[in-house]
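Numbers restart at 1 for each chain; the letters A, B, ... are given by sequence-line order, proteins then strands.
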Protein chains: 2
Amino acid sequence: MRYFIVDDDAASRRMLKQIILEGDMGVVIGEADSGVNALEPIVSSDPDFVLIDLLMPSLDGIETIDQLRNQGFKGNFIMISQVENKEMIGEAYEKDIEFFIHKPINRIEVQSVLKKTSERLLLKKSLLTIRKSILHFEEETKEESHRTIKDMVSSILNDMGILGEVGSDDIVSIIDFLSSSKEKTIQIPPLKDIYEQLASQTKFNSIEIMKESKAIEQRIRRTISIAMSNLATLGAVDYTNPEFEYYAPRYFEFAEIRTLMKNIQENEPAPRKTKINVKKFLQVLYVEANEKFKHSLK
Amino acid sequence: MRYFIVDDDAASRRMLKQIILEGDMGVVIGEADSGVNALEPIVSSDPDFVLIDLLMPSLDGIETIDQLRNQGFKGNFIMISQVENKEMIGEAYEKDIEFFIHKPINRIEVQSVLKKTSERLLLKKSLLTIRKSILHFEEETKEESHRTIKDMVSSILNDMGILGEVGSDDIVSIIDFLSSSKEKTIQIPPLKDIYEQLASQTKFNSIEIMKESKAIEQRIRRTISIAMSNLATLGAVDYTNPEFEYYAPRYFEFAEIRTLMKNIQENEPAPRKTKINVKKFLQVLYVEANEKFKHSLK
DNA sequence: TTAAAATGTCGGATAATGTCGGATTTTATA
DNA sequence: TATAAAATCCGACATTATCCGACATTTTAA
């Protein structure tokens, strides 16, 4: 590795140089005692690493880095300084320095850091070489692990806290099925038809299909009912809860949710009969899942 | 990347975790508040990086590293501490830590260092893989993915504060087992069947299997119950707490959590009968762990 | 060592689910 | 707008999966 040292303190420069040589880490191809004096030699000698002090008169470390980058220097920086101020250190890291070492200089510390950073550089270089040669063979193996409609739906159901319910599976299948059918209607078909379609995927005589679609219907209804009371409970604890705010008015009859909330807040009053609108729920879910899906394809 | 955090200061742990998650740098698969408590979980979970404080009561950072190395731990250490003493820092570097970060914690600094260190590890791993595949020409990489599903689960269980519980092992095994089975249904099979499957991996006659599956059931139930009261405690103090807000409604019966919270707030003794929904918990965990896993493959 | 806590074991309580008839609401049509 | 038909919604019951208390046993802490 080829190093360049920038520090206004000659003693520091000497120590760093000695550490590099002793540790057999590479060569020091130049030094400078100020930012200004460092610019030209660095650009022309193009070292792998620049060890630079943060605090220097006239041009400080960060400014020097800026200037060098502007002039197209691509090497790495390691900053060495006694600054304790976290603001400045953070700023330095934002300039994409490799690492910040605190003064006073400690042999082991410096050696260890230099070893790791140079190792990293070497690894990167060899991998880049390998990749280049592989790229000739391989045309972009675009791994498409894109999120599917199903993922979108389960994420929404999860937000409502009903992913665990049995009916969720039915809901996911239904939305998936609707989305994959050719006709891109906004309006979903009659629920009965949907249930039967879904049922006929597992059962094969009409009696069984009828039974199963009845079962599906109940499962979905109960699941939605649980979603409602979940959201109501959520809202009762904290009505600024984002999930509550978003889902409660969109997917349900908000009036029903509100009465539920009241029941919950005033403690015991038992779960009264609440209206469950399956159609609205599925309709909204269908549209929203598709929108999200489209959006996720960028 | 898979991180483990050891720091006696809970605030520091929290900050670090947040930085890792925000920066999308990986998962935190466990935490510990002391060196002693860190040993076992680190050895068994085998993280890529251990973020460790230098100054801790009883067993300090360096001693902890020693012990872990003695037990065969091969991962990397990043030390984070407010120590200024160059002697100690040097000593730490001699233990072959990756880097030393000075407290107070600075987001940009930590992110930058973690990014660089994880990059270095990745590079190293890829080179190893390449070398191996050149030597053997064909290489199986199936085992890797297994580990990561487990990691996702551990990370979630850690968030809920139940990683150490006995039942956690059962839960992890179950999710891992479910994920590796061919059928990619969203719906998990009946709990009874799951328990029996898991039990039959250790016991071999039907009586024993029955007993073991009963035991598994109870372990899991008790573990989930602890998770619930943990989250309720979090929520009772601050219901905008991110862990609470996310996990409480999705993994549990939120209504139950709510009554738990009330009890805590009103300082009532009453740990009354609470409903524990194992099915919901496992179902959601299964889906989420897989989702996260997919995401981690980018 | 002993007390207390955690875990295993088991039977019975409880709540989830499938099934079905019928009440209620929506839609189509005159 | 009235009315019938269709669609949707709901309650109730039987059947199980799931859940839970209580006690026995083991492990842990003191």
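- Atom NZ of B/Lys214 and atom P of D/dT25 are 18 Å apart (whole Å).
- Residue A/Asn277 places at least one side-chain N or O closer than 4.0 Å to OP1 or OP2 of D/dC9.
- Summarising the geometry of A/Lys279 relative to A/Ile188, their closest heavy-atom pair is O-CD1, 4.2 Å, with the distance given to 0.1 Å.
- A/Glu165 has its CD atom 18 Å from the P atom of D/dA17, to the nearest Å.
- Side-chain polar atoms of B/Glu212 and B/Tyr195 form no donor-acceptor pair below 3.5 angstrom.
- Using a 4.0 Å heavy-atom cutoff across all strands shown, B/Arg222 reaches at least one base atom of the nucleic acid.
- The separation between B/Glu212 atom CD and D/dT25 atom P is 18 Å, rounded to whole Å.
- Note: CD (B/Gln283) to P (D/dT18) measures 11 Å, nearest angstrom.
- Between B/Tyr3 and B/Phe49, the ring planes lie parallel to each other; the angle is under 30°, not in the 30° to 60° tilted range.
- Using modelled atom types and a 3.5 Å distance limit, the side chains of B/Asp66 and B/Asn70 yield no donor-acceptor pair.
- The residue among A/Gly167 and B/Gln218 whose nearest nucleotide of DNA chain C is located toward the 5' end is B/Gln218.
- In this entry the distance linking CE of A/Met210 with P of C/dT19 reads 13 Å, nearest Å.
- Atoms NZ (A/Lys203) and C1' (C/dG18) sit 10 Å apart, rounded to a whole Å.
- Relative to the side chain of A/Glu217, the nucleotides C/dA16, D/dT18, D/dC9 differ in distance, and D/dC9 lies closest.
- Across the interface with DNA chain C, nearest-nucleotide mapping of A/Lys279 and A/Lys211 shows A/Lys211 to be the residue nearer the 5′ end.
- In terms of polar N and O atoms assigned as donor or acceptor, the side chain of B/Arg221 never comes within less than 3.5 Å of the base of D/dG21 in a complementary pairing.
- Two rings, from B/Phe281 and B/Phe252, have their centers less than 6.0 Å apart.
- The distance between atom NZ of A/Lys192 and atom P of C/dT26, rounded to the nearest whole Å, is 18 Å.
- Atom CD1 of B/Ile220 is separated from atom P of D/dC20 by 14 Å (rounded to the nearest Å).
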